Every structure is written in structure tokens, then in C-alpha cells.
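Chain identifiers are assigned alphabetically (A, B, ...) following the order of the sequence lines, protein sequences preceding nucleic acid strands; residue numbering begins at 1 within each chain. Values reported hereafter were calculated over all heavy atoms of this structure, with side chains retained and with hydrogens, waters and symmetry mates removed. Values in this document were obtained by computation on a predicted structure and should not be read as measured data.
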Amino acid sequence: MSVRTRFAPSPTGALHIGGARTAIFNWLFARHYGGRFILRIEDTDRNRSTEESISEILDGMMWLGLNWDEGPFRQSDRLSIYQEYAERLLASGKAYRCYCTPNEIERRRKEAEKQGRVYRYEGTCRNLKSHSPDKPFAIRLATPEEGNIEVEDLIRGTISFDAKEIDDFVIQKTDGFPTYNFAVVIDDATMDITHVIRGDDHIANTPKQILIYEALSQNIPKFAHVSMILGSDKTRLSKRHGATSVVAYREMGYLPEAVVNYLARLGWSYGDQEIFSKDELIDKFTLDSVGKGAAVFNPEKLLWLNGWYIRNKPAEEIAELVIPFLHKKGFQVALDERFIKIVNILRERAKTLVELADSAEYFFADEIKYEGAARKKFLTSDALPIIEELINKLSSLRDFTVPELQRIFGEITEKREIKLVQIAQPVRVALTGGTVSPGIFEVMEVLGREKVLERLKRAVSQIPKN
RNA sequence: GGCCCCUUCGUCUAGCGGUCUAGGACAUUGCCCUCUCAAGGCAGAAACACGGGUUCGAGUCCCGUAGGGGCCA
């Protein structure tokens, strides 16, 4: 039997970090074993589900490159299927109609609470002989009264629950809607899901789900419960901890490779390896090297990985990705040779595409602004003759290239017996406005003779004479 | 409260009874490289939650305790 996994988010918001990791694990598992990956939208909660969330989730999945083979299915399209299966259980006597009203149940629960007991439905309607077709009813599963229900978890081993802990729970509500556990089981069963990989917040649901499979005489899939992702204070990751939606990372200039790599490595490992291409992940991912403990989300490491990918992907691809960020800043740039060169010299010092776009500003701005401190420190009367000499030499330079520029600078430092830094920094401020940039020769070469001379002359005019 | 899960450096983790004076990565500190900033290189500080067992020997197995988390309410 071939592997079939699924990712089943409820559309109550964008795809978040935790959901994305669950999706990644399911996707990797399916791809690793040559199986299929199914996407299902659990939108039975009509009040909280939105169309917008659905498209945001799909958007996030596509951005991460988590392509699905079937779906997206929607639970809201499948209500008749759940009802049909509920009927079937009713007919086989594995489930029964319950006429107890919510008020009654609530009263009994309060009573139990008062006595310090955990309330479990006492089976009032379990052995009712006659139906009351005119009264509203819920459908409950007739669960075993004793024994153990064992969950064979691929990550945690056997987890055992006492059947006494589980009461005759509702599978279909009075309004005809399935309960969460019922819908999930019917979906997983009818979609032939072989491996349910999900967050460990579902562990406690699993015995109930197993009872449904058994009542239905369906094959029980394998379960794998992955620990959750925590924020820095070790509580469940939430908005308080900063950006949690995957798409927000795209906007902050992260690459999908970095996000996938980071999330895959969060809770899973392969020896000492940190960097994984998608193909490597598919090749190496297995559930037995998924850890049991909860993992704290560490934005710094994600950032480091992002920087790594920015430095190591082909420059042209990075350049293409930066363009929209430059557009946002009002610079129209084309993916030409010059631009790729710019990206290539800048990317070493950028950890996000946003940083990269920010650092590229002086290549596109018509007139650069000097940083106050930089100007004060380096555009001084001491620097004036040096810059003037440089202007002279540059005007007659045959090739405006790194080696030639290097030669010119060498001549000046030698003649004047100064250090390179004494000329490089003033020039840097004159050309970029600040004290930080790629190598000054690279900057000059890319900027070109005309721009360089223009900016140097402007700097000269700005230096106070004394 | 009941049930269930988890516990190695600040963080992600390696470790599947002896090779652990516990390895790698991020972050951090120092040094090197150097035209600035990065990147890179080298070095450092930094952990087996605690207590009992089992065993010749435990980070590794078992049982408690503590702490964290989840589900049900």
C-alpha cells in the first residue's frame, strides 16, 4: 500500500509557522516514500472559517513549494458523507440516538463538578428501546466500558488509554453537523490516509478516533504526533512572539528555502547537517529521527539560514527576487547584467531581501544623502586634496575596472604615505553616503566613471574650505 | 482537577549501556583576515532537571519527584 498523508488546516487565519511545519513533515514523508500528499480544509466551524484564510493558506503552501496531489477538499462539501456514515453506525448498533438536552447535560456536569468528579456521559440513552422521531437528537458512539485503547505512535511508541476515561461521545450534533473527531476520521478513512502526522495536541483525540475506526471496521492509519513549536518563553507560539504567519516572512524578505530548511530542522535532524536542499530533505527525512520534545522557535537561526541562502543561491535568482522590494522603494530596475553585479557584491552582507534592497539604494538614487556622522568624520579638509587628486587620475583612466582602480589608489597612498583607509573611507562616504559598503573598488566599477566623478565632485563642493 | 505527552549548552540538536574529560549549529566572547561592514578562519565560555534503582559500567534502561506542555472540561 502506498503512502498517503494529509495536511488538514482549519481556515481561521493564515498559514502559521506551526501549521507549516506539520505540512512540511507530511509533504516530506509522502515525497520520501513516493506517496501522495492530500490537502483538506477543515471548515466545519462556519463561524470562524473564512474564504480569505483559505486563499492565504494555499498561498503560503505554494510559496513554500508544498505542492499537493489531491484537494483541496473541504469538509463543508462533505456533510452528507458524515451523515451517511453516522446512519450506518446507527444501523449497526455501534451508535445510538441521544435525546438528552444540552441543559440536562450541563446540569449533570455541574453536579459532577460539585462532587469533584470528572463528568462523563452516563449512557442514559444508550439502551433506549424506542425512538422519538419528533424530538431532536444527537448521535453518540457506544464505546467499550473497559479495556485499554492503545495508540501506536511512530514517534512516541505505544500510548495507552483506559477505556473508562472515554464516555459515549457525540459524533453528530443535534444540528446534523459532525463533531470534529468524527469528521476527521471519516475524511481520513475515505481518503485512504495511511499516515496521520499532526501536532501532539491531538494525542488525546486519538483514542476516540480509533474507536470510530473500529466501529466502522475501517483500517486504522499509523499515527505520528509531532511536538509543538513554542515561543521564547516556552509557551505555545503565538502572535505575541512576533510574526507567525508564513507569508509575513515572505514580506520580510525571507526565502522559502530558508523557511522550509529551518522548519524541517526544527524537531527533526540528520546528524550534524544544518543545510538541506529540498531534494536532500526528501531523500533524508524519516519519522524516526523526529524528536519528542517541544521546540522553541529561534528567529536568529532562521535569519542566519536566510543569509546563507542569499549568499549561496545563484546571483541571478536573488536579483530577480530583490526586484519587487526595490519597486516598493520606488526604484524601477531591470534584471540586467549590471543589476546582477550589484546584487552579487551586496548580498554577502544581507540577511534578508529587504536588507539587500535597502543597501542597494545608492546605486539607483539620483542624489545620495550623506549620513551626518560619516560626513563630519570623513569629508574633511584633510581628505580634500586626496579626493581632488583621485578625480584627476580617474578622468584619464583607460579602464574603469577593479584592478585599474586598485592601481590608482596604490599610487596615491604610496606617494602620500597614507593608509588605504584614509582614502577609501572618504570616497566611500562620497559615493554611498555612509561608511558601510562592499569593497570600494567594486562599488566604483559598478557605479561607473561618470557617476563616480559626479559624486566625488559633489563631495568636494561640500567640504568646508578653511 | 482528571487523563496524556515531554525534559542534553540561552536556543535547535547529536547521542540509540562502555568510543562522553558529552559532538555540531545559531547566538555570544576573543583573535586572525581586512579599505568600512560583512563573509570566512581559529580559539573560548556554555548542557545530560532531581532522587532512587538495574548493571562490572547510565546522558543512554526502569521507578518516583519536580518542572513544562496538551486535551477534556
Side-chain angles (χ1 to χ4, degrees), chain A residues 105-106 109-110 112-113 115-121 149 151 153 155-167 169 180-181 198-208 225-237 261-275 288-308 310-312 345-351 355-356 359 371 374 377-378 405-406 409-410 412-413 418-429 431-432 434-444:
Chain A
I105 301 279
E106 189 53 32
R109 171 170 296 140
K110 288 258 172 63
E113 205 170 301
Q115 293 172 22
R117 296 193 338 257
V118 174
Y119 178 71
R120 294 191 190 85
Y121 181 67
I149 299 141
V151 178
D153 190 288
I155 294 172
R156 284 150 217 274
T158 305
I159 306 169
S160 184
F161 295 84
D162 191 329
K164 291 189 189 72
E165 296 291 331
I166 297 167
D167 65 358
F169 58 92
Y180 170 77
N181 283 319
R198 59 182 13 167
D200 72 356
D201 47 337
H202 290 291
I203 289 181
N205 284 325
T206 312
K208 289 184 175 181
H225 289 97
V226 180
S227 285
M228 351 204 52
I229 300 178
L230 272 27
S232 52
D233 57 359
K234 305 245 183 186
T235 64
R236 194 182 191 143
L237 192 66
N261 191 153
Y262 177 74
L263 256 20
R265 246 322 251 97
L266 195 61
W268 171 82
S269 63
Y270 187 81
D272 287 339
Q273 191 171 341
E274 298 287 348
I275 308 282
D288 42 60
S289 34
V290 172
K292 296 178 190 169
V296 173
F297 180 73
N298 183 209
E300 276 94 35
K301 190 156 183 179
L302 207 207
L303 193 61
W304 170 76
L305 263 170
N306 202 52
W308 190 91
I310 286 180
R311 267 175 268 127
N312 289 282
I345 64 173
L346 288 172
R347 64 172 166 163
E348 204 158 281
R349 21 189 83 65
K351 288 197 164 23
E355 278 181 28
L356 186 38
S359 69
E371 283 167 24
K377 186 167 178 196
F378 294 109
L405 291 164
Q406 219 158 356
F409 275 60
I412 298 175
T413 53
I418 57 174
K419 290 190 172 148
L420 182 54
V421 66
Q422 289 172 273
I423 165 165
Q425 280 305 71
V427 170
R428 178 168 280 118
V429 176
L431 299 182
T432 71
T435 54
V436 173
S437 85
I440 196 65
F441 308 122
E442 281 79 18
V443 171
M444 292 172 79

In whole Å, what separates the [atom1] atom of [N] from that of [M]?
N     : M     : atom1 : answer
B:A14 : B:G24 : C1'   : 7 Å
B:U8  : B:G15 : P     : 14 Å
B:U65 : B:A25 : P     : 39 Å
B:G18 : B:U55 : C1'   : 12 Å
B:C61 : B:U19 : P     : 16 Å
B:U13 : B:U54 : C1'   : 29 Å
B:U28 : B:C16 : C1'   : 31 Å
B:G44 : B:G23 : P     : 11 Å

Residues A:E274, A:K301: salt bridge by 4.0 Å N-O rule:
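Looking at A:K301 together with A:E274, the answer is yes, because their closest N to O distance falls below 4.0 Å.
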Angle class for the A:F297/A:Y262 ring planes (parallel below 30°, perpendicular above 60°, tilted otherwise)?
perpendicular
What string of B, S and - do you get for nucleotides 60-73 of chain B, 5' to 3', if B is base contact, S is sugar-phosphate-only contact and - is no contact with any protein heavy atom under 4.0 Å?
---------SSS-S
Listed by chain and number, what are the salt bridge (Lys or Arg N to Asp or Glu O under 4.0 Å) partners of A:K110, not counting sequence neighbours?
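Residues passing salt bridge (Lys or Arg N to Asp or Glu O under 4.0 Å) with A:K110: A:E106.
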If you take atom types as modelled and just measure distance, does the side chain of A:R156 reach the base of B:C5 with a donor-acceptor pair under 3.5 Å?
no
With distance as the sole criterion, do the side chain of A:E274 and the base of B:G24 form a donor-acceptor contact below 3.5 Å?
yes
Nearest to the [X] side chain among [options], which nucleotide is it?
X      : options             : answer
A:T435 : B:G24, B:A39, B:U36 : B:U36
A:R349 : B:C35, B:A25, B:A38 : B:A38
A:D272 : B:A39, B:A27, B:G23 : B:G23
A:F161 : B:G23, B:C26, B:C3  : B:C3

Would one find a side-chain N or O of A:R120 under 4.0 angstrom from OP1 or OP2 of B:C3?
no
Are any of A:K351's side-chain N or O atoms less than 4.0 Å away from OP1 or OP2 of B:A39?
yes
Under a 3.5 Å cut-off for both contacts, is B:G1 paired Watson-Crick or G-U wobble with anything, and if yes, with which nucleotide?
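The base-pairing partner of B:G1, which may sit in any strand shown, is B:C72.
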Would you check if there is a donor-acceptor pair between the side chains of A:R347 and A:S359 at a distance under 3.5 Å?
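Checked: A:S359/A:R347 side chains show no N/O donor-acceptor pair below 3.5 Å.
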Taking OH in A:Y270 as the centre, count heavy atoms belonging to other residues, nucleotides or ligands within less than 6.0 Å. Is the count above 12?
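12 or below, so no.
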